[in-house]
There are 2 protein chains.
Amino acid sequence: MATLLKLQMNECLYLKDPQDTELGRKIVQQSIQMIDELGLEAFTFKKLSLVIDSTEASIYRYFENKHKLLVYLITWYWTWLEYKIEFETNNVADPYLRLSKALRLVTEKKTYDNSFPDVDETALQRIVINEFDKTYLTKQVDHDNSFGLFRGVKSLCGRIADIVKEINPDYPYAHSLISTCLQAAHQQVFFSEHLPSLTDHSGANDKVYTQNYEFIHQLVLKAIQE
Amino acid sequence: MATLLKLQMNECLYLKDPQDTELGRKIVQQSIQMIDELGLEAFTFKKLSLVIDSTEASIYRYFENKHKLLVYLITWYWTWLEYKIEFETNNVADPYLRLSKALRLVTEKKTYDNSFPDVDETALQRIVINEFDKTYLTKQVDHDNSFGLFRGVKSLCGRIADIVKEINPDYPYAHSLISTCLQAAHQQVFFSEHLPSLTDHSGANDKVYTQNYEFIHQLVLKAIQE
DNA sequence: TTTTAACAATAGTAATACTATCATTATCTA
DNA sequence: TAGATAATGATAGTATTACTATTGTTAAAA
């Protein structure tokens, strides 16, 4: 049995910490399932309340609105990913190896993590693939950003960019490169399933993920080589 | 005075060709302004109808819904871009030069094109930056795709990927690479303005565009070199 | 024991994304 | 020139969404 863990989340993401109560955990758990199944647009607090046998008003006590809930879930994902990278690259001296490990963790297909029993990481990864861009492509980005709502991705991007700069301090586009890769990591999966002519990765089974790793790993290494 | 042109659009994108009538052209023109200003979510057919002194019902005779209108506008952009690339790379023998020209056109800041008096390309580029991902990140992608709604990007991506393959036929990720770059071409602009820690490009004036060209150009050349 | 917090139950509102119907006007045609 | 047809306007109506507000119940904390 893995150690049970709790990720520290930015308090602006919720009105009341959903990790503290039974209802809160049910909201998180079920909203992951429902957003995954219905997609963000068809998902509503009303529908969620029916499924978890509660009320709309109760859910509103935890999350200001659907958008904030989505940002919460996706931030959880990035924070979790960064934690995993930290864990796996700990004590690894060679920056090339650390970079490879990080990129593998970013691109690989996620499986259930016992340390967080409330979260279905597989479904959450699909949500990130399908909905992440919607968290920031809004008119209130700047407002949201000023409250630190995007610290999750930003921190992860910064951490991997640091490895890049360790390898080649003169490469001027470390952040651009890594943010591009974080995006490609899920966009190419989406394309392989829905718009295959935009990718060379095969949609069949889970091959996409390994192909994507190879594509991105190569892209990064070549880009930063002197 | 430039030659007046009309881009051929997929008929599934509209119910009635907006390029054929005065009202249709007003819908296109004004919707570009309004989506740019309000963002897609706050933009409604109701508001548009008030501005162009018409009615909701009349707009619905041209476009099935807001989503289709957005896809129409963005497809117009990709089709226009591809036309410009075709035009500029015509008779250029060297594939490296053609690739550079294509990437420059993809990344550069757009200015008004006299050949299409109804379209404000500058505003449209901002719409692509802010809203493009929303055209396909939906539960109906596959349905939409089956009607050819995404031919615009797909065709553009294919064309540039062809140049890549001409340079290095053994590079296995031509489409993945180019779709990644098409995405980066607008995502990095967005980041530089709203989430600057995700990019190295400066948000100041229009420097972003040239920096972005250099970043992407270098990325592609290094990726495909043998 | 009292108070408070958490939640349920219910109602209500403004806005959105449509659909439907009918009238008007301009144009094209027999 | 009448008469049909197409394009638009005017108006109304509906289901759903994204909330807000109020009141009541329960269970645990002070």
Side-chain angles (χ1 to χ4, degrees), chain A residues 11-31 34-35 37-73 118 131 134-135 137-140 143-144, chain B residues 11-31 34-35 37-73 118 131 134-135 137-140 143-144:
Chain A
E11 290 184 10
C12 295
L13 288 167
Y14 50 78
L15 296 171
K16 193 170 139 60
D17 193 337
Q19 298 185 300
D20 283 351
T21 68
E22 193 53 38
L23 180 62
R25 284 185 292 269
K26 259 163 80 181
I27 291 173
V28 168
Q29 240 177 70
Q30 269 302 317
S31 65
M34 291 185 76
I35 295 176
E37 279 161 34
L38 303 175
L40 183 69
E41 356 298 314
F43 167 81
T44 68
F45 279 7
K46 182 91 207 127
K47 289 177 189 169
L48 175 60
S49 73
L50 290 173
V51 171
I52 63 176
D53 240 313
S54 179
T55 63
E56 243 183 309
S58 298
I59 298 172
Y60 274 104
R61 286 194 197 99
Y62 286 86
F63 293 99
E64 223 177 304
N65 51 49
K66 181 163 105 169
H67 182 249
K68 282 280 178 68
L69 170 57
L70 178 69
V71 177
Y72 177 91
L73 296 177
D118 294 335
E131 325 286 359
K134 297 172 194 167
T135 59
L137 292 177
T138 69
K139 279 285 165 186
Q140 359 107 29
H143 181 259
D144 285 357
Chain B
E11 290 184 10
C12 296
L13 288 167
Y14 51 77
L15 296 172
K16 192 168 138 61
D17 193 338
Q19 299 186 303
D20 282 352
T21 68
E22 194 51 39
L23 181 63
R25 284 185 292 269
K26 260 162 81 180
I27 291 173
V28 168
Q29 241 178 67
Q30 269 302 317
S31 66
M34 293 185 75
I35 295 176
E37 280 160 33
L38 304 175
L40 183 69
E41 356 299 312
F43 166 81
T44 68
F45 278 7
K46 181 89 207 131
K47 290 177 189 168
L48 175 59
S49 72
L50 291 173
V51 171
I52 63 176
D53 241 314
S54 178
T55 62
E56 243 183 309
S58 298
I59 298 171
Y60 274 104
R61 287 192 192 101
Y62 285 86
F63 293 100
E64 224 176 304
N65 52 49
K66 183 162 104 167
H67 181 251
K68 281 279 177 70
L69 169 57
L70 178 70
V71 178
Y72 177 91
L73 296 176
D118 294 335
E131 324 286 359
K134 298 171 193 167
T135 59
L137 292 176
T138 69
K139 278 286 165 187
Q140 358 107 27
H143 181 259
D144 285 356

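A straight line from NZ of B/Lys16 to P of D/dT5 spans 17 Å, rounded to a whole angstrom. B/Glu22 places its CD atom 16 Å from the C1' atom of C/dT27, with the value rounded to the nearest Å. Here C/dA20 presents its C1' atom at 17 Å from CD1 of B/Ile59, a figure rounded to the nearest Å. As a whole-Å value, the separation of B/Leu50 CG from D/dT11 P is 13 Å. The separation between B/Leu38 atom CG and C/dT16 atom P is 11 Å, rounded to whole Å. Protein atom CG of B/Leu48 is 15 Å distant from nucleotide atom C1' of D/dG9, rounded to whole Å. What separates NZ of B/Lys68 from C1' of C/dA17 is a distance of 15 Å, to the nearest Å. Separating the CG atom of A/Leu15 from the C1' atom of C/dC7 is a distance of 15 Å, rounded to the nearest angstrom.
Here the side chains of A/Tyr72 and A/Thr135 are not in contact, with every heavy-atom distance at 4.5 Å or above.
Under the 3.5 Å distance criterion, the side-chain polar atoms of B/Glu131 are left unmatched by any main-chain donor or acceptor of B/Gly39.
At the heavy-atom level, A/Asp20 lies nowhere under 4.0 Å from the strands shown.
Going from atom NZ of B/Lys47 over to atom CG of B/Leu38 covers 5.5 Å, rounded to the nearest 0.5 Å. Note that CD of A/Gln30 is 8.0 Å distant from CD of A/Glu37, once rounded to the nearest 0.5 Å. Note that CZ of A/Phe45 and CD1 of A/Ile52 are 10.0 Å apart. Values are rounded to the nearest 0.5 Å. With rounding to the nearest 0.5 Å, the separation of SG in A/Cys12 from NZ in A/Lys68 is 7.5 Å.
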Problem set entry | side chain to side chain donor-acceptor pair (under 3.5 Å) between A/Thr21 and A/Tyr62, worked out | CA-CA 10 Å; A/Thr21 68; A/Tyr62 286 86; 2.6 Å; yes
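When the side-chain nitrogen and oxygen atoms of B/Ser58 are compared with OP1 and OP2 of D/dG9, one or more of them lie within a distance under 4.0 Å. The phosphate of D/dA10 has neither OP1 nor OP2 within less than 4.0 Å of any side-chain N or O from B/Thr55. Contact check, A/Ser54 against C/dC7: no side-chain N or O comes under 4.0 Å of OP1 or OP2.
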Exercise. What is the per-nucleotide protein-contact pattern of nucleotides 16-26 of chain D, from the 5' end, where B denotes a base atom under 4.0 Å from a protein heavy atom, S denotes such proximity for sugar-phosphate atoms only, and - denotes neither?
Worked result: -SBBBB-----
